[in-house]
Number of protein chains: 4
Amino acid sequence: MNKVILIGRLTRDPEIRYTAGTGIAVTTFTLAVDRPYIGQSGQREADFIPVVCWRKLAELVANNLTKGRLIAVSGSIQTRKYQAQDGTNRYATEVIADEVKFLDRAKEQTGAFKANDEIATDEGDFFPVDGEDDIPF
Amino acid sequence: MNKVILIGRLTRDPEIRYTAGTGIAVTTFTLAVDRPYIGQSGQREADFIPVVCWRKLAELVANNLTKGRLIAVSGSIQTRKYQAQDGTNRYATEVIADEVKFLDRAKEQTGAFKANDEIATDEGDFFPVDGEDDIPF
Amino acid sequence: MNKVILIGRLTRDPEIRYTAGTGIAVTTFTLAVDRPYIGQSGQREADFIPVVCWRKLAELVANNLTKGRLIAVSGSIQTRKYQAQDGTNRYATEVIADEVKFLDRAKEQTGAFKANDEIATDEGDFFPVDGEDDIPF
Amino acid sequence: MNKVILIGRLTRDPEIRYTAGTGIAVTTFTLAVDRPYIGQSGQREADFIPVVCWRKLAELVANNLTKGRLIAVSGSIQTRKYQAQDGTNRYATEVIADEVKFLDRAKEQTGAFKANDEIATDEGDFFPVDGEDDIPF
DNA sequence: TTTT
DNA sequence: TTTT
């Protein structure tokens with residue numbers, strides 16, 4: 001089990017790229033998440049958390065979000081090894097988003113979007129995922 | 001382990017009461033949480049989740065939130081048995097909030113508040129909880 | 001956003017049923033989740049939380065879990081209105097599971113299972129969901 | 001809002017240190033968290049997540065956990081900047097634990113421990129946190 | 001009894 | 001109606 005939920009603001013516009021062979025969309029951004037207390041005497045009071053989105057969610061984020069926007073992200077923590085320029089091994093820890101919810105501009109455009117959603121329409125509407133019948137508990 | 005995180009809107013103004021003997025503040029409200037998909041053919045598309053806050057958080061919520069406000073709640077699920085008017089036993093399931101974050105009116109007033117916080121000032125500022133030293137990982 | 005994570009034990013064997021028209025499997029059970037503190041003077045020290053699983057996950061749970069087993073559940077809170085025998089409206093609050101992880105008997109049989117998984121083999125192995133390429137952060 | 005929940009096993013015995021001036025206990029370990037699917041063709045199928053505990057929880061973890069133990073952790077993601085040996089700035093992302101629950105050896109010793117708990121007794125019992133009166137919802 |  |  002590996003669950004993360006964050007609420008924060010984008011520190012910059014998101015960046016979209018495409019994987020080399022397969023052309024899959026991947027968007028990255030950093031989320032500034034306020035700590036729930038005032039740091040002692042001028043210390044940093046937010047965490048800057050790297051977030052990665054794939055496929056439809058990558059396109060949705062790249063097309064609809066900009067620096068400063070307030071969002072909620074749910075996903076999981078992923079670690080990976082990579083080679084730095086100097087050839088040494090480094091380890092990165094990132095959040096892989098599987099759901100993003102826009103929290104400001106709530107009047108015009110709101111919605112939660114999941115990792116496998118179709119791209120959102122202008123109406124910012126929701127898409128069916130798996131509506132269930134009534135529950136006979 | 002018993003963790004809940006919700007984002008939604010108050011269906012009404014919160015209600016504050018005080019426990020009989022000890023006069024402890026307890027505030028209750030219902031949070032409308034949109035489901036991430038369109039229900040098939042006009043079905044209900046939100047869950048209406050009962051939330052309970054205690055003490056300082058109870059006062060904070062009662063004094064600062066009203067019907068329609070967008071918030072994030074973290075807490076836990078609690079169940080309890082009670083007697084209905086007809087004398088039969090009933091079971092209630094509620095979320096006990098230990099943190100509430102105001103998400104709209106983000107410009108004027110924002111903040112996350114925890115179950116044991118002092119009452120918030122008008123500035124909507126944060127209060128120290130347990131700032132830590134640097135981490136020697 | 002509507003996220004729940006619980007760790008607890010089944011109070012009884014799970015019950016499986018099938019929806020009337022469509023024959024979709026739905027399994028229900030109650031999870032006893034210990035509170036993180038000792039109740040004052042012999043009060044209840046666990047919450048008894050109703051959990052519902054659908055489809056493959058319903059079958060997996062019904063076939064593999066019994067009273068007393070320790071599991072982790074992730075899902076969401078759902079509320080619904082129903083008619084009691086006396087014709088009055090009642091409201092139920094339940095957790096809809098989308099992932100269940102078996103935590104005891106960890107040597108012989110472990111695994112996390114998601115709402116849309118194929119039914120598990122005897123090996124208790126994992127099934128592909130959406131393995132991703134490397135992340136160019 | 002910044003919430004993390006992980007279930008996994010320690011990759012090694014935890015390491016305890018004490019902050020320079022103030023002598024506060026801080027324990028670090030890495031948690032191996034299985035991914036919920038089989039990686040394509042022999043790729044890594046777990047994330048290795050750095051976890052940090054402070055004070056009482058640091059001592060509890062250092063004294064009671066060893067390599068291979070299965071635990072649940074709840075906490076938050078924290079990022080920090082540090083200087084590498086070569087003088088360049090690096091960024092680390094870690095989970096700061098505020099609750100740890102032991103999941104194996106459930107017969108002999110179980111319990112959930114919070115960031116501010118007293119040190120656990122041998123009985124592995126729970127400690128009072130904030131038991132509440134009945135809820136007049 | 002439900003919010004935007 | 002509750003589990004270890």
Side-chain angles (χ1 to χ4, degrees), chain A residues 101-112 123-126 137, chain B residues 1-2 6-15 28-35 43-51 65-73 78-82 88-93 102-105, chain C residues 1-2 6-15 28-35 43-51 65-73 78-82 88-93 102-105, chain D residues 101-112 123-126 137:
Chain A
K101 189 172 167 60
F102 305 164
L103 293 175
D104 46 13
R105 319 210 181 153
K107 299 293 138 36
E108 312 104 68
Q109 174 203 68
T110 321
E123 297 90 308
D125 255 35
F126 297 105
F137 197 79
Chain B
M1 199 136 298
N2 181 337
L6 305 172
I7 296 176
R9 294 184 185 276
L10 302 222
T11 63
R12 291 208 253 157
D13 291 353
E15 284 180 35
T28 54
F29 58 88
T30 296
L31 204 64
V33 179
D34 289 331
R35 293 184 180 171
Q43 298 197 172
R44 186 161 46 93
E45 74 243 73
D47 292 290
F48 298 95
I49 300 174
V51 180
L65 290 177
T66 51
K67 175 177 175 172
R69 292 291 306 275
L70 180 68
I71 64 173
V73 170
Q78 193 164 101
T79 54
R80 64 192 165 83
K81 189 203 283 191
Y82 67 97
T88 60
N89 283 152
R90 301 268 178 84
Y91 298 85
T93 302
F102 305 163
L103 293 175
D104 47 12
R105 318 209 182 156
Chain C
M1 199 136 296
N2 181 337
L6 305 172
I7 297 177
R9 292 183 186 278
L10 303 222
T11 64
R12 289 207 255 157
D13 290 354
E15 284 178 35
T28 56
F29 59 88
T30 296
L31 204 64
V33 179
D34 288 331
R35 293 184 180 173
Q43 297 198 171
R44 188 161 44 93
E45 73 250 66
D47 292 289
F48 298 95
I49 300 174
V51 180
L65 291 177
T66 51
K67 174 178 174 172
R69 293 291 306 275
L70 180 68
I71 63 172
V73 170
Q78 193 164 101
T79 55
R80 65 192 165 83
K81 189 201 284 191
Y82 67 97
T88 60
N89 283 152
R90 299 267 179 86
Y91 298 85
T93 302
F102 305 164
L103 293 176
D104 46 14
R105 318 207 182 158
Chain D
K101 190 173 167 61
F102 305 164
L103 294 175
D104 46 14
R105 320 211 179 154
K107 297 294 137 38
E108 312 105 70
Q109 175 203 69
T110 321
E123 298 90 308
D125 254 35
F126 298 105
F137 196 78

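Everything numeric here is computed off the predicted structure, so don't read it as measured data. Just so we're on the same page: letters track the sequence lines, and every chain starts at 1.
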Kindly say whether B:K67 contributes a backbone atom to a donor-acceptor pair with the side chain of B:D13 at under 3.5 angstrom? yes
Return the nearest nucleotide to the side chain of C:A46; candidates are F:dT1, E:dT3, F:dT3. F:dT3
Can you tell which of E:dT3, F:dT3, E:dT2 lies closest to the side chain of B:R9? E:dT3
Do D:L103 and C:I7 have side-chain heavy atoms sitting under 4.5 Å apart? yes
Is there a side-chain polar atom (N or O) of C:K67 under 4.0 Å from OP1 or OP2 of F:dT4? no
Ignoring hydrogens and angles, tell me if any N or O in the side chain of C:D47 forms a donor-acceptor pair with the backbone of B:T79 under 3.5 Å. yes
Looking across every strand, which nucleic acid part, if any, lies under 4.0 Å from C:G8 by heavy atom: base, sugar-phosphate, or nothing? nothing
How long is the line joining CG of B:L6 and P of E:dT2, in whole Å? 19 Å
Whole angstroms only, please: what is the OH-P distance between B:Y91 and F:dT1? 4 Å
Residues at least two apart in sequence or cross-chain that pass side-chain contact (heavy atoms from CB on, under 4.5 Å) with C:T11, listed by chain then number, are C:T30, C:A32, C:F48
Measure from the side-chain heavy atoms of C:D34 and tell me the nearest of E:dT2, F:dT2, F:dT4. F:dT4
For B:L10 and E:dT3, give me the distance from atom CG to atom C1', rounded to whole Å. 8 Å
Write down the distance between CZ (C:R80) and P (E:dT1), rounded to a whole number of angstrom. 16 Å
Nearest whole angstrom, please: distance from the P of E:dT2 to the CG of B:L65. 21 Å
Those residues that, when tested against C:R12, pass salt bridge (Lys or Arg N to Asp or Glu O under 4.0 Å) (two or more places apart): none
Interatomic distance where CZ belongs to C:R69 and C1' belongs to F:dT3 [whole Å]: 13 Å
What is the separation between atom CZ on C:R90 and atom P on E:dT2, rounded to the nearest whole Å? 18 Å
Would you indicate which nucleotide in E:dT1, F:dT2, E:dT2 comes nearest to any side-chain atom of B:R12? E:dT1
C:N89 has an atom CG; how far is it from atom P of E:dT2, in whole Å? 10 Å
